[in-house]
Amino acid sequence: MAVHEVTHDLRTAATEIEAGPPPRYALRLLGGFGLERDGRVVTVPQGARRLLAYLGVRQRCARSEAAGTLWPGSHEERARANLRTMLWRLHRVTPEPLVDEDDRLALAAGVTSDVATLGAAATALLAGGSPVDVGPGVPALATGELLPGWYDDWVLTERERLRQTQLYALEALAERLTTQGRYGEAVQVALTAVQLEPLRESATRALIAVHLAERNINEALRRFELFRADLGRELGVAPTPWLEHLVQAGRSGAAVPYP
């Protein structure tokens, strides 16, 4: 290798060391919109938030999809023009690009979304992964709803989808923790699922199963009676026979398999 090539490589390496690692952007959509650059809040114009939020949920999409979804009442050309304006505004928000614009639109490599983190954690849990495998994705399961206060059609649809994803994943996590004997953590996870949807029997079943596994029969019965009262008052129905059987089996001291 020539001397000038070596010198160039050394200078490049020195420059990279002095500059430090590239900044990381965290996009928060669960519980409210927010963007941070290495822990510091970044202000995003109101209009440009919609595009960034959409990409944070979808991860990658065609330009036509983004334009049609975000401006559904506009003519196609007007919607595309609006999209170009929003992209231009986003490029002015930060020194580094937040969006990659190749054949499709996507969040830039340095931008992470809490929705994507939640999705990865839920996928791992529902595939049979352990809490250790899921790691840092677990807290995202217990965060708030998607973009509260936003009423775009696409937000309403994705909000319900993510809520169901959270519930299934929390129930699966409670099961894993219960089978590992980590009852205190399992109770907290199951309670989170119950708080998200108090009338969802599978969430209450997960909580009751934890109490029965730790032989806390009184708590299991109390939770069952509360759930039965809520169901009767709100929906005029009773718990399923399976849930009653689960409670009675635990009460009699019989082995209770996790549902």
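Any value given below was found using the heavy atoms of this structure, including those in side chains, with hydrogens, waters and symmetry copies removed. Given the structure is predicted, the values throughout are model-derived calculations rather than measurements.
- What you find for Thr43 and Val93 is that their closest heavy atoms are O-CG1, 3.6 Å.
- Side-chain atoms of Gln166 come within 3.5 Å of backbone N or O of Thr143 as a donor-acceptor pair.
- Relative to the six-membered ring of Trp150, Arg49 misses at least one condition, a distance below 6.0 Å or an angle of at most 45° to the axis.
- Heavy-atom minimum distance, Thr178 versus Ala213: CG2-CB, 3.7 Å.
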Table please: side-chain donor-acceptor pairs of residues 97-105 below 3.5 Å, with sequence neighbours left out.
| residue | atom | partner | partner atom | Å |
| --- | --- | --- | --- | --- |
| Glu101 | OE1 | Arg63 | NH2 | 2.9 |
| Glu101 | OE2 | His91 | NE2 | 2.5 |

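- The shortest side-chain heavy-atom distance between Phe224 and Thr204 does not fall under the 4.5 Å cut-off.
- Under a cut-off of 6.0 angstrom, the local environment of CZ in Arg233 is crowded, with over 12 non-hydrogen atoms contributed by other residues, nucleotides or ligands.
- Residues Gln188 and Leu207 have side chains not in contact (no heavy-atom distance under 4.5 Å, counting atoms from C-beta outward).
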In a table with atom names and distances, give each donor-acceptor pair under 3.5 Å that connects a side chain of residues 119-127 to protein atoms at least two apart or in another chain.
| residue | atom | partner | partner atom | Å |
| --- | --- | --- | --- | --- |
| Thr123 | OG1 | Gly119 | O | 2.8 |

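- Put simply, the side chain of Arg163 reaches to within 4.5 Å of the side chain of Glu197, judged on heavy atoms.
- The closest side-chain heavy-atom distance from Trp71 to Met86 is below 4.5 Å.
- Taking each heavy atom of Ala190 and Ala206 in turn, the nearest pair found is CB-C, 4.1 Å.
- Gly250 and Arg215 get closest at one heavy-atom pair: O-NH2, 3.6 Å.
- Interatomic distance, CG of Asn218 versus CZ of Arg223, reported as 12.0 Å (0.5 Å rounding).
- Atom CZ in Arg205 sits 7.5 Å away from atom CH2 in Trp242 (nearest 0.5 Å).
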Legend entry - Stepwise side chain to side chain contact (heavy atoms under 4.5 Å, CB included) check, Val41 with Leu35: CA-CA 6 Å; Val41 175; Leu35 179 68; over 6 Å; no
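- Looking at Glu171 and Glu175, their side chains never come closer than 4.5 Å, going by heavy atoms from C-beta outward.
- For Tyr54 and Gln59, the side-chain atoms include no donor-acceptor pair closer than 3.5 Å.
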Legend entry - Derivation and outcome, side chain to side chain contact (heavy atoms under 4.5 Å, CB included), residues Asn82 and Leu70: CA-CA 9 Å; Asn82 289 340; Leu70 297 177; over 6 Å; no
Inset, instruction - Apply side chain to side chain contact (heavy atoms under 4.5 Å, CB included) to the pair Arg37 and Glu96, showing each step before the final yes or no. - result: CA-CA 10 Å; Arg37 181 181 189 267; Glu96 302 80 17; 3.0 Å; yes
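- Taking the side chain as every heavy atom from C-beta outward, Arg92 and Arg89 never approach each other to under 4.5 Å.
- Between the side chains of Arg159 and Gln164, no donor N or O sits under 3.5 Å from an acceptor N or O.
- Taking CZ of Arg182 as the reference point, atom CD of Glu214 lies at 14.5 Å (rounded to 0.5 Å).
- For Glu201 (side chain) and Thr240 (main-chain N/O), a donor-acceptor pair under 3.5 Å exists by modelled atom type.
- Linking Ile, Leu, Val, Met, Phe, Trp and Tyr whenever their side-chain heavy atoms come within less than 4.5 Å leaves Leu118 and Tyr168 in two separate clusters.
- In this structure, CG on Leu146 lies 8.5 Å from CZ on Arg161, to the nearest 0.5 angstrom.
- Between Glu158 and Arg58 there is no salt bridge, since none of the side-chain N atoms of the basic residue sits less than 4.0 Å from a carboxylate O of the acidic one.
- Although no hydrogens or angles enter the test, the distance criterion places a donor-acceptor pair under 3.5 Å between the side chain of Ser113 and the main chain of Gly56.
- For the pairing with Leu27, the side-chain contact (heavy atoms from CB on, under 4.5 Å) check across Val115, Leu107, Thr112, Asp114 returns one residue only, Leu107.
- The distance from atom CG of Leu30 to atom CG of Leu162, rounded to the nearest 0.5 Å, is 6.5 Å.
- In this structure, CG on Leu199 lies 6.0 Å from CD on Glu234, to the nearest 0.5 angstrom.
- Between Glu76 and Arg80 a salt bridge is recorded (basic side-chain N to carboxylate O distance below 4.0 Å).
- Taking every heavy atom of both residues into account, Ala220 and Leu212 meet most closely at CB-CD2, 3.6 Å.
- Counting only heavy atoms from C-beta outward, the side chains of Phe227 and Leu243 approach each other to under 4.5 Å.
- Val189 is connected to Leu196 through a chain of hydrophobic side-chain contacts under 4.5 Å among Ile, Leu, Val, Met, Phe, Trp and Tyr, so both are in one cluster.
- For Arg78, the side chain to side chain donor-acceptor pair (under 3.5 Å) test picks out no residue, with sequence neighbours left out.
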Legend entry - Chi angles and distances behind the side chain to side chain contact (heavy atoms under 4.5 Å, CB included) call for Ile217, Arg222: CA-CA 9 Å; Ile217 307 301; Arg222 186 180 71 85; over 6 Å; no
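- You'll find the side chain of Ile208 stays beyond 4.5 Å of the side chain of Glu219, heavy atoms only.
- Pairing each heavy atom of Gln195 with each of Pro198, the nearest pair is O-CD, 3.9 Å.
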